[in-house]
Amino acid sequence: PAPAPADDELAGAWSGRDVVLFVADSVAAGRLGCYGGARDTSPTLDDLAARGVRFAAARSQSSWTVPSVATTFTGLEQEVHGVRALDDALADAHTTLAEAFAARGYRTVALVQTPVVRAAGGFAQGFARWRGWSWSRDRAELAVAEAERELAAAAERPLFLYVHLAPPHMPYDPPGAFRGRFAPDGADGSIDACRAAHRAGLAPDHPDVLALAARYEEYLAYADALLDRVARAAAARGAVLIATSDHGEAFLEHGSQGHNATVYEEMVRVPLVVHDPRDPLATGRVVEAPASLLDLAPTLAELCGLAGLPAGPGRSLAGWLVGDGAASAPPRTLFLSSRHGSSVGQQLAVVRGDLKLVAHGARLELFDLRADPGERHDLSADPGHAAARDELARALERWRARTARPAGAGAAPKAPLDDEAGEALRALGYLDDSRSR
């Protein structure tokens with residue numbers, strides 16, 4: 001479906017406003033306080049949600065970083081923008097958010113702490129300044145300090161600032177002030193521990209998995225503390241802050257540890273919280289209607305008066321952000337996909353209303369997300385759900401046909417990994433055949 005037409009009363013409501021897009025890597029929404037998490041992992045995000053707008057059912061379109069960020073920047077699905085592999089590049093033909101903001105007169109800055117999102121991969125398009133750091137934990141502090149300086153700088157032009165931090169991506173390595181809050185002594189959050197849990201096929205309630213998840217939640221609390229610093233600097237500047245993640249993180253709920261291999265909810269449900277320090281109109285609003293990272297580009301296009309962005313399947317969320325909260329939520333269908341080219345095979349899914357169909361090749365699973373948010377009870381063989389199953393399967397096939405590329409046509413350009421990027425990615429497990437990332 002085409003994006004909803006702009007509401008004339010909302011169009012340009014953020015024109016000239018500073019905008020901060022904050023992405024913490026690998027955040028499982030269900031482990032955050034404001035999303036029902038059991039531990040105190042996210043006091044900053046919880047507070048921002050209480051003073052802003054929280055989208056309760058937000059999803060990434062893909063379950064790993066490279067295509068997800070490309071989708072956020074363009075509003076296009078990975079099957080359309082074509083960025084499916086580590087050495088794929090976002091083509092110049094796709095106008096990005098940064099390019100649209102730059103054309104609107106914004107200063108555009110990217111502060112990125114991940115070797116996956118590379119300037120060489122086309123992600124620097126439109127950014128007047130691109131600064132990258134390595135994955136090590138101490139570099140997150142440097143990135144946040146740089147964000148604080150950018151937000152404190154003299155404002156000759158409005159600012160679009162993209163901050164992408166590694167925590168809480170594996171290895172789960174919280175600093176001393178956070179280590180021990182939730183995890184038992186000796187809990188190991190290393191890449192090797194993540195791989196071992198996955199390869200052993202441990203149950204989600206196995207003590208080793210619970211300890212791994214607790215260490216992750218400590219690292220999640222650390223990421224939230226970094227968000228606090230950025231949020232304070234953004235508020236002091238009067239900037240709109242969008243806090244989200246590129247994908248979730250699994251802890252063997254469906255047999256996988258980490259991300260990228262599946263499209264179950266633990267890998268695709270992400271936080272999406274928007275805070276505007278200047279306008280309390282939407283304070284504490286919770287939007288239950290489904291949202292997607294596909295929606296960020298059309299939302300910012302409408303609210304900031306941006307032009308030239310691709311027409312994708314996303315819809316503007318402006319009515320919930322600056323309107324009276326009575327925005328209608330027409331039925332929508334979302335298509336999700338895991339990593340292309342994975343040695344373990346790709347998963348696809350379609351979500352419509354409360355129902356979600358997951359496809360592993362010819363094998364189908366059907367879940368009622370309202371009754372079964374953990375996707376534990378497959379309804380695909382239930383005669384009472386046969387019609388819905390078949391209709392979703394047909395919708396998925398139509399989508400696959402619509403987004404399929406002829407052999408060799410329209411493929412993303414390649415951006416080969418240099419030795420430094422290859423070494424960093426290998427240390428994170430991206431260049432082996434493991435499902436654990």
Side-chain angles (χ1 to χ4, degrees), residues 22-51 54 113-114 135-145 147-148 163-198 202-233 241 243-253 257-259 266-267 269-271 273 275 374 428 436-437:
F22 179 95
V23 178
D25 211 290
S26 312
V27 176
R31 295 181 181 273
L32 300 166
C34 57
Y35 284 88
R39 291 184 169 127
D40 186 20
T41 59
S42 52
T44 300
L45 191 71
D46 299 350
D47 179 64
L48 291 171
R51 295 185 289 115
R54 178 174 69 87
Q113 194 218 348
T114 164
W135 199 268
S136 60
R137 190 188 65 209
D138 62 322
R139 298 301 189 269
E141 300 282 345
L142 297 178
V144 168
E148 291 172 321
V163 182
H164 191 139
L165 301 184
H169 189 288
M170 67 175 71
Y172 312 135
D173 185 26
F178 296 85
R179 188 175 294 269
R181 287 189 181 186
F182 312 132
D185 291 341
D188 185 359
S190 68
I191 294 288
D192 286 344
C194 292
R195 287 175 174 162
H198 170 78
L202 301 180
D205 59 355
H206 188 282
D208 290 351
V209 178
L210 294 176
L212 191 66
R215 186 65 83 208
Y216 165 81
E217 290 181 324
E218 291 172 349
Y219 208 23
L220 185 55
Y222 171 61
D224 185 78
L226 297 174
L227 169 61
D228 180 65
R229 291 172 55 185
V230 176
R232 289 176 183 275
L241 174 66
T244 188
S245 185
D246 48 351
H247 53 74
E249 192 81 343
F251 289 88
L252 284 298
E253 292 93 339
Q257 162 61 41
H259 53 271
E266 60 269 15
M267 286 201 192
R269 282 287 300 276
V270 295
V273 171
H275 177 248
L428 294 170
S436 175
R437 298 288 189 269

Contact list for residues 25-35, test salt bridge (Lys or Arg N to Asp or Glu O under 4.0 Å), sequence neighbours left out: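 Every pair satisfying salt bridge (Lys or Arg N to Asp or Glu O under 4.0 Å) with a residue in residues 25-35: R31-E217, R31-E253.
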Within residues 178-190 or reaching into it, pairs that qualify as salt bridge (Lys or Arg N to Asp or Glu O under 4.0 Å) - sequence neighbours excluded: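 Listed by first then second residue: D173-R179.
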Main-chain N/O of [Y] paired with [X] side-chain donor or acceptor, under 3.5 Å:
| X | Y | result |
| --- | --- | --- |
| Q113 | A166 | yes |
| S190 | A193 | yes |
| E218 | A183 | yes |

Looking at [X] and [Y], what are the two nearest heavy atoms and their distance?
| X | Y | answer |
| --- | --- | --- |
| H169 | Y219 | O-CE2, 3.4 Å |
| R215 | A187 | NH2-O, 3.0 Å |
| L252 | P204 | O-CG, 3.1 Å |
| G258 | M267 | O-CE, 3.7 Å |
| D246 | S26 | OD1-N, 3.1 Å |
| A24 | P168 | CB-CD, 4.3 Å |

Mind checking side-chain contact (heavy atoms from CB on, under 4.5 Å) for [X] and listing every partner two or more places apart, or none if nothing turns up?
| X | result |
| --- | --- |
| E141 | Y222, L226, R229 |
| S245 | V27, V270, P271 |
| H275 | L48, R51, P277 |
| A143 | W133, L165 |

Check: [Y] and [X] side chains under 4.5 Å, non-hydrogen atoms:
| X | Y | result |
| --- | --- | --- |
| L32 | L220 | yes |
| V230 | V144 | yes |
| F22 | T244 | no |
| T41 | Y35 | no |

CD-CG distance between E249 and L212, expressed to the nearest 0.5 angstrom: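 Answer for the CD-CG pair, E249 versus L212, is 9.0 Å.
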Under the side chain to side chain donor-acceptor pair (under 3.5 Å) test, residues paired with R232 that sit two or more places apart: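 Testing R232 for side chain to side chain donor-acceptor pair (under 3.5 Å), a comparison that skips the adjacent residues, returns D228.
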By side chain to side chain donor-acceptor pair (under 3.5 Å) - contacts of R269 (at least two apart):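 So R269 forms no side chain to side chain donor-acceptor pair (under 3.5 Å) with any residue.
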Pair L241-V273, side-chain contact (heavy atoms from CB on, under 4.5 Å): steps then yes or no: CA-CA 8 Å; L241 174 66; V273 171; over 6 Å; no
Ring pair (Phe, Tyr, Trp, His ring centres under 6.0 Å) involving F251 - partner list, sequence neighbours excluded: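 F251 satisfies ring pair (Phe, Tyr, Trp, His ring centres under 6.0 Å) with Y172, Y216 only.
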Summary of side-chain hydrogen bond (donor to acceptor under 3.5 Å, both in side chains) pairs that have at least one residue in residues 202-214, sequence neighbours excluded: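 Output for this query is empty, none listed.
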Verdict with supporting geometry, D224 and T44, side-chain hydrogen bond (donor to acceptor under 3.5 Å, both in side chains): CA-CA 6 Å; D224 185 78; T44 300; 3.1 Å; yes
Partner residues of D192 under the salt bridge (charged side-chain N to carboxylate O under 4.0 Å, His left out) criterion, sequence neighbours left out: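 With neighbours one apart ignored, the set is R195.
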Contacts of type salt bridge (charged side-chain N to carboxylate O under 4.0 Å, His left out), residue R54, not counting sequence neighbours: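 Residues passing salt bridge (charged side-chain N to carboxylate O under 4.0 Å, His left out) with R54: none at all.
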